[in-house]
Amino acid sequence: MNTTPPKLDEDPAASSTHGLTQLLLVSAFAGALVGLVGGSFHWMLLHGSQGFAKLVAQWKAEGFFGLPGWLLTMVVVGLCVGIARWLVTFAPSAAGSGVQHVEAVMREEATPASFRVLPIKFLGGLFAMVPGLALGREGPTIQMAAVIGTQCGKWFGFTRGDRSLLYTAIAGSGLSVAFNAPLAGVAFVIEEVAHRITMRRLLATLIAVATAIAVYRTYFGNAVELSFTTLLPSNLTELVAYGLLGAWLGALGVLYNKSVLLGLNLFSSTAPKVSPIIKAGILGALIGLVAYWQPQWVGGGELQVNAVLAGQLSINALIILFLVRWALGPLSYSMSVPGGLFAPLLLVGATSGALFATSLNFLVTAPFVIDPIAFALVGMAAFFTAVVRAPFTGILLIIEMSGSVALVAPLIVASVAACLVANLMHGEPIYDSLRARMPHHPTDR
């Protein structure tokens with residue numbers, strides 16, 4: 001388990017100013033490209049998902065040339081997911097989130113992904129996520145950003161060391177664009193990808209994030225991801241409750257990671273002689289059936305999170321959504337199609353936090369009534385911390401996505417508790433586990 005805190009690199013080359021100006025100029029250029037590519041990916045995913053949902057609703061109401069809507073939905077989703085899995089065969093490092101590959105490059109356990117990963121990640125992510133797989137846009141965006149970074153290093157004749165630095169540093173701009181959260185992108189590179197700080201890497205990351213988010217906001221808007229009513233700062237009694245929430249989610253995070261790994265193992269071991277493309281298509285068809293009957297259960301999770309934060313779901317609906325998404329996230333990821341883990345696990349954290357607060361309000365009488373919406377927000381950061389083991393990134397992510405600093409203290413308390421419990425349970429961070437499953441020094445064919 002990787003718990004080494006970020007530190008200043010002792011390599012003399014790390015503090016070298018040789019070629020620093022050129023490195024920063026190229027980082028700015030790469031960041032601008034990430035803003036365009038990542039923003040386009042987000043825009044197409046958003047509008048594609050909305051269009052597909054309307055199409056399914058039309059098929060449900062009218063059918064299609066005599067075919068029942070449910071059958072057509074299964075066929076279309078199955079084909080889309082099968083195509084997404086087929087695309088991965090042309091660049092195996094494009095499978096899944098891609099974050100684990102970026103981390104492996106940082107640790108010199110893998111070589112930077114080839115350029116072909118970018119179009120495969122872009123198209124494969126759309127084919128997988130538009131029809132409703134429970135995957136996140138951040139994984140593909142992060143790896144596409146990394147590829148843009150290393151390609152820019154090649155175009156401008158950088159050394160191998162600086163190309164590798166760009167691969168990891170520019171990745172942070174991908175997370176920034178995916179969630180419109182610049183500081184979280186910087187924290188992600190330092191805390192999760194690099195686990196060490198060098199002046200060159202920090203400056204390259206900062207300038208890339210700045211240009212990426214500027215381009216993204218110029219062309220794709222600056223809307224806050226999460227919508228909710230005004231929240232009040234917490235008192236000391238509530239902080240204890242937030243600590244208990246964090247501890248509970250720390251344990252759940254360890255179990256969720258095991259569920260993700262179990263899904264991957266089951267997919268590969270079940271019918272091993274059957275092509276993974278066929279198996280992915282079959283599972284995709286089943287998820288298409290879910291999308292037909294219960295469209296509010298599928299997708300990346302952003303719409304459902306905002307429904308939780310708006311207080312639109314009853315306790316029964318929250319329980320069902322929690323159980324469905326606990327299964328659907330690992331099932332979707334098991335197929336190794338392009339797609340991330342962040343967004344789906346944020347929904348699990350939100351439903352967990354809301355359920356925790358609702359249950360506590362039922363057990364404890366006034367004046368200790370607590371706000372389920374606040375606990376849902378804090379639950380997102382705590383569960384993220386438990387799964388990924390990057391508390392600073394999780395805290396900044398929720399602050400920037402919500403546009404509110406009212407819950408800074410609860411976010412810190414819950415995230416620390418989640419990290420502590422997950423470590424005490426000897427749970428491994430999800431990307432460490434996924435990186436360990438990668439072949440040694442993988443290359444794309």
Side-chain angles (χ1 to χ4, degrees), residues 41-42 45-50 52-53 56 77 81 96-97 99 125-126 128-142 175 178-181 184 223-228 249 252-253 256-257 259-260 263 284 287-288 290-291 294-313 317-335 337-355 372-373 375-388 393-394 397-398 400-402 430:
F41 181 70
H42 186 185
L45 182 59
L46 174 63
H47 291 276
S49 299
Q50 292 174 348
F52 185 75
V56 171
V77 177
V81 175
S97 167
V99 173
L126 292 177
M129 286 182 275
V130 164
L133 262 61
L135 297 170
R137 63 182 180 270
E138 79 294 327
T141 312
I142 288 169
L175 178 63
F179 290 121
N180 193 15
V224 175
E225 293 283 331
L226 305 177
S227 302
F228 54 91
L249 290 180
L252 284 184
Y256 189 81
N257 287 0
S259 298
V260 171
I287 292 176
V290 176
Q294 299 291 343
Q296 71 275 16
W297 288 352
V298 300
E302 296 86 352
L303 295 176
Q304 296 92 328
V305 165
N306 278 305
V308 173
L309 297 179
Q312 297 174 351
L313 303 182
L318 285 171
I319 292 172
I320 293 172
L321 186 58
F322 170 80
L323 294 174
V324 168
R325 297 297 298 211
W326 186 282
L328 196 60
L331 178 65
S332 298
Y333 196 80
S334 71
M335 295 177 253
V337 295
L341 290 165
F342 284 14
L345 69 83
L346 292 179
L347 175 55
V348 176
T351 54
S352 300
L355 285 170
I373 294 174
F375 272 69
L377 269 173
V378 173
M380 294 167 69
F383 194 64
F384 176 92
T385 297
V387 172
V388 182
T393 302
L397 189 62
I398 299 307
E400 293 187 285
M401 289 178 70
S402 66
I430 187 61

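Numbers here simply count residues along the sequence, with the first being 1. Bear in mind that the values here come from a model prediction, so they are computed numbers and not experimental data. Atoms considered below: every heavy atom in the structure, side chains included; atoms not considered: hydrogens, waters and symmetry mates.
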Distance from [X] atom [atom1] to [Y] atom [atom2], nearest 0.5 Å?
X      : Y      : atom1 : atom2 : value
Thr393 : Ile398 : OG1   : CD1   : 11.5 Å
Gln296 : Leu303 : CD    : CG    : 11.0 Å
Leu126 : Ser49  : CG    : OG    : 8.5 Å
Gln294 : Leu321 : CD    : CG    : 10.5 Å
Leu318 : Leu313 : CG    : CG    : 5.0 Å
Glu225 : Glu302 : CD    : CD    : 7.0 Å

Next on the checklist: Could you walk me through whether Glu138 and Leu397 satisfy the side-chain contact (heavy atoms from CB on, under 4.5 Å) test, starting with their C-alpha distance in whole Å, then the side-chain angles of each, then the deciding distance to 0.1 Å, before giving a yes or no?
Outcome noted: CA-CA 12 Å; Glu138 79 294 327; Leu397 189 62; over 6 Å; no

Which pair of heavy atoms, one from [X] and one from [Y], lies closest together, and at what distance?
X      : Y      : value
Leu135 : Ala128 : CD1-CB, 4.4 Å
Ala291 : Val56  : O-CG1, 4.3 Å
Leu377 : Leu309 : CG-CD2, 3.9 Å
Tyr256 : Pro330 : OH-CD, 3.8 Å
Phe179 : Met401 : CD2-CE, 3.8 Å
Val337 : Ser332 : CG2-O, 4.3 Å

Any side-chain heavy-atom pair of [X] and [Y] under 4.5 Å:
X      : Y      : result
Thr351 : Arg325 : no
Val260 : Ile430 : yes
Leu226 : Met380 : yes

Checklist entry - Do Asn257 side-chain atoms and Val388 backbone N/O form a donor-acceptor pair below 3.5 Å? => result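 Judged by distance alone, no pair lies under 3.5 Å.
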
Item to check | Side-chain donor/acceptor of Gln304 to backbone N/O of Val298, under 3.5 Å | outcome: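 Confirmed, Gln304 side chain pairs with Val298 backbone.
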
Item to check | side-chain contact (heavy atoms from CB on, under 4.5 Å) assessment of Ser97 paired with Phe342 | outcome: CA-CA 9 Å; Ser97 167; Phe342 284 14; over 6 Å; no

Checklist entry - What class does the angle between the rings of Phe383 and Trp326 fall in, given that below 30° is parallel, 30 to 60° is tilted and above 60° is perpendicular? => result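 If you compare the ring of Phe383 with that of Trp326, the planes turn out tilted.
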
